[in-house]
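Shown next, in structure tokens, is the structure this report addresses.
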Protein chains: 2
Amino acid sequence: MSAAAPAPRPARATIADVAKAAGVSKATVSRFLNHRERLLSPDIAARVEAAVTQLAYTPSPMAQALSHGRSRLIGLIVADITNPYSVAVLRGAEKACQDAGYLVMLFNLGNDIDREREAINALAGYQVDGFILNTLGRGAGLIDADALHGKPAVLVDRRHAGMHTDFVSLDNAAAMKAACGHLVDGGYRELLYITEPLKGVSSRRERTAAFGDCVAAHEPRVAGEVYESTGDDGDGLDAALRALHKRAKRGRRAAVLAGNAVVTLRVAAAMARLGLRFGEDIGFVGFDDPEWAPLIGPGLSAIAQPTEAIGRTAATCLLERLQGLEGPARQLLLPGELVVRGSSGGG
Amino acid sequence: MSAAAPAPRPARATIADVAKAAGVSKATVSRFLNHRERLLSPDIAARVEAAVTQLAYTPSPMAQALSHGRSRLIGLIVADITNPYSVAVLRGAEKACQDAGYLVMLFNLGNDIDREREAINALAGYQVDGFILNTLGRGAGLIDADALHGKPAVLVDRRHAGMHTDFVSLDNAAAMKAACGHLVDGGYRELLYITEPLKGVSSRRERTAAFGDCVAAHEPRVAGEVYESTGDDGDGLDAALRALHKRAKRGRRAAVLAGNAVVTLRVAAAMARLGLRFGEDIGFVGFDDPEWAPLIGPGLSAIAQPTEAIGRTAATCLLERLQGLEGPARQLLLPGELVVRGSSGGG
DNA sequence: TTGTATGCGTTATCAC
DNA sequence: GTGATAACGCATACAA
């Protein structure tokens, strides 16, 4: 039933078809489309317009890109599409781009940081007008300002050393301060911050530094510690939590802070393994507010990031640059929201 | 510090540059690149090769697309990028495409089913070589076989009426049978299947039908019911669960089956509201195996879909068609895996 | 105001 | 074997 393909598919109408149908030149059609504000002859315009709708003509973005240099394409590179944060950002950015008539080309590094440059080049090949980067900015394929082929870029969540481009992210310092303050106010005195290995990732370092500042501001009343957790080191994490719990039993209320959604899940799993109860045995506040936060135990307190707004803002930022906005690199820090649930309540 | 832009960016090398550098014609360079197997002159080949690496020449995919008609682009349209299922599929597909030298252009419908045709056209404008569709196949912008501009497509998870293209999905019937069988074996006699509104979505209908078949196969020992849950009707869901629980208290063990991840979350939230405990008060098995399944209550039993494999398979399918594979539309049904946890255990 | 001619970077069809 | 040359679909100087 694969059909004998008798219908000689009438191939998309080109500008030449429209020109012929309207009895004008290709240039006229092109002008009608691009510079309709000025240079118009009433009757000709009408003829062209008719032909355009008649033939359902749509310009070929590829030809336009080749000729005019603009593709109306935005390249979006994410370190790891598995990360819900990246997906949420993607979602916000994609919507903003679509609304502005741009399409998003996605390149997922799959956590292979050495492919960053490869990604840039692949995307640049398609003449993307700009980049949105949610990557590490490290590794062999490290990109510098001019690996970007002169195209504008905006960094999301993670800064790259030596790249002076617009930057959009959560206000990490403020968010961490809110979380710590909440715990201290709630009577917690032993704080453990668990993060993925810093590895020079700016957002992880900023949060860790902010944690240190918060603890320092309350010393010596409050004690704080940082633990770097990798995915394959469950034992280490368990030990850290057990040690924390031990201190809690000595009378000082203890709480753990998770540095992002991945760690939040990891900690939740570890506490389940250890039989520790949120809020009762140990307080718990996580970064990112996963959909399951309300369902687990007494509910998980968390710092919700405005992920979609971050994506939208990043896209908007980039689009403004594409429209010619000049000036120094901007930093847009969006506020997080502390959602209090049972895991950090009285206990 | 925006730089005085003194560096006259050396613009990407073109095939003409390579030709000049090697002292040959553009045609020769093009042949060297595309048809290297035959028609080669040893010395010339060497000169071209040198020039290519020297200038770090990379062909422009856009120009290639314009000229040769192929873009090495795959258009991926998803109904809703918020759905973790879609993301997982995306991930698998994107990886397979990248490995084959293709890039993925993503278009997210944001659940606006009327934009399906718009999406197709936008992507077709960029000369994508083929489509991967994870959409409803319904609504105003309904696409028929030849809205695809003659390009091959593969459907994922949801069939479209009247489209005879390759189709990749979970083996819904087998998965449902496994889940039901597991519950019946476990002594559950009152089964409630909760699904999102069928609305003609093929996967939902297939699962619902399979549920009906399973119940029928065990009648009259087992009784089954179906409830369609919308996002804004928490009360109805609560009532359905309460009714089920009432039957359970009359001595017949009852269990709920959730039709997908969204419903699974909805049901979990409802049971928390109602104070019902998985496994004890009511058995619970969900479709899709969310990351939090092990953490909630005694652990949530679930049918894990091989989402990444589904995405990979879809991409492979499409790439095969692009390589000229003929023949009737294929159906690839991948097996799910029942992961048993506490929620469907003894009670 | 409108038409003509040229270029964007490739591939393919011809001659040579 | 290799080199001109004409497309591909569009935008834009330039000429009219």
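Each chain gets a letter, A, B and so on, in the order the sequences are listed, and its residues count up from 1.
- Across the interface with DNA chain D, nearest-nucleotide mapping of B/I44 and A/T58 shows B/I44 to be the residue nearer the 5′ end.
- Partners of A/K26 according to the side-chain hydrogen bond (donor to acceptor under 3.5 Å, both in side chains) rule, which considers only residues two or more places apart in sequence or in another chain, do not exist here.
- In this structure, a donor-acceptor pair under 3.5 Å is absent between the side chains of B/T316 and B/T313.
- Within 4.0 Å of A/V24, counting heavy atoms only, lie sugar-phosphate atoms of the nucleic acid but no base atom.
- Residues A/T165 and A/H160 have side chains that never bring a donor and an acceptor to within less than 3.5 angstrom of each other.
- In this structure, the CG atom of A/D43 is 11 Å from the C1' atom of C/dT2, given to the nearest Å.
- Here the C1' atom of nucleotide C/dG3 and the NZ atom of A/K20 are 17 Å apart, to the nearest Å.
- Scored by the side-chain hydrogen bond (donor to acceptor under 3.5 Å, both in side chains) test, A/R91 finds A/E308, B/T82 as partners (sequence neighbours excluded).
- Protein atom CZ of A/R47 is 13 Å distant from nucleotide atom C1' of C/dT1, rounded to whole Å.
- The side-chain hydrogen bond (donor to acceptor under 3.5 Å, both in side chains) test applied to B/S203 returns B/D157, not counting sequence neighbours.
- Side-chain N/O atoms of A/R72 and A/Q127 include no donor and acceptor closer than 3.5 Å.
- Axis angle across the helix from C/dT1-D/dA16 to C/dC16-D/dG1, with five pairs used at each end and values rounded to 10°: 50°.
- Counting only residues at least two apart or on different chains, no side chain to side chain donor-acceptor pair (under 3.5 Å) pair has a member in residues 54-63 of chain B.
- Atom C1' of nucleotide D/dG9 and atom OH of B/Y126 are separated by 14 Å, given to the nearest angstrom.
- Rounded to an integer number of Å, the gap from CD of A/Q127 to C1' of C/dG9 is 10 Å.
- The interatomic distance linking B/D17 (CG) with C/dT10 (C1') rounds to 13 Å, in whole Å.
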Contact list (N/O, under 3.5 angstrom) for nucleotides 11-15 of chain D vs protein:
residue	atom	partner	partner atom	Å
D/dA11	OP1	A/N34	OD1	3.4
D/dA11	OP1	A/N34	ND2	3.4
D/dA11	OP1	A/Q64	OE1	2.9
D/dA11	OP2	A/S30	OG	3.0
D/dA11	OP2	A/N34	ND2	3.4
D/dA11	O4'	A/S67	OG	2.9
D/dT12	OP1	A/H68	NE2	3.1
D/dT12	OP2	A/H35	NE2	3.4

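- Heavy atoms only, all atoms of each residue included: A/L319 and A/A96 are closest at CD1-O, 4.2 Å.
- Remark: the B/N121 side chain and the B/H149 side chain contain an N/O donor-acceptor pair separated by less than 3.5 Å.
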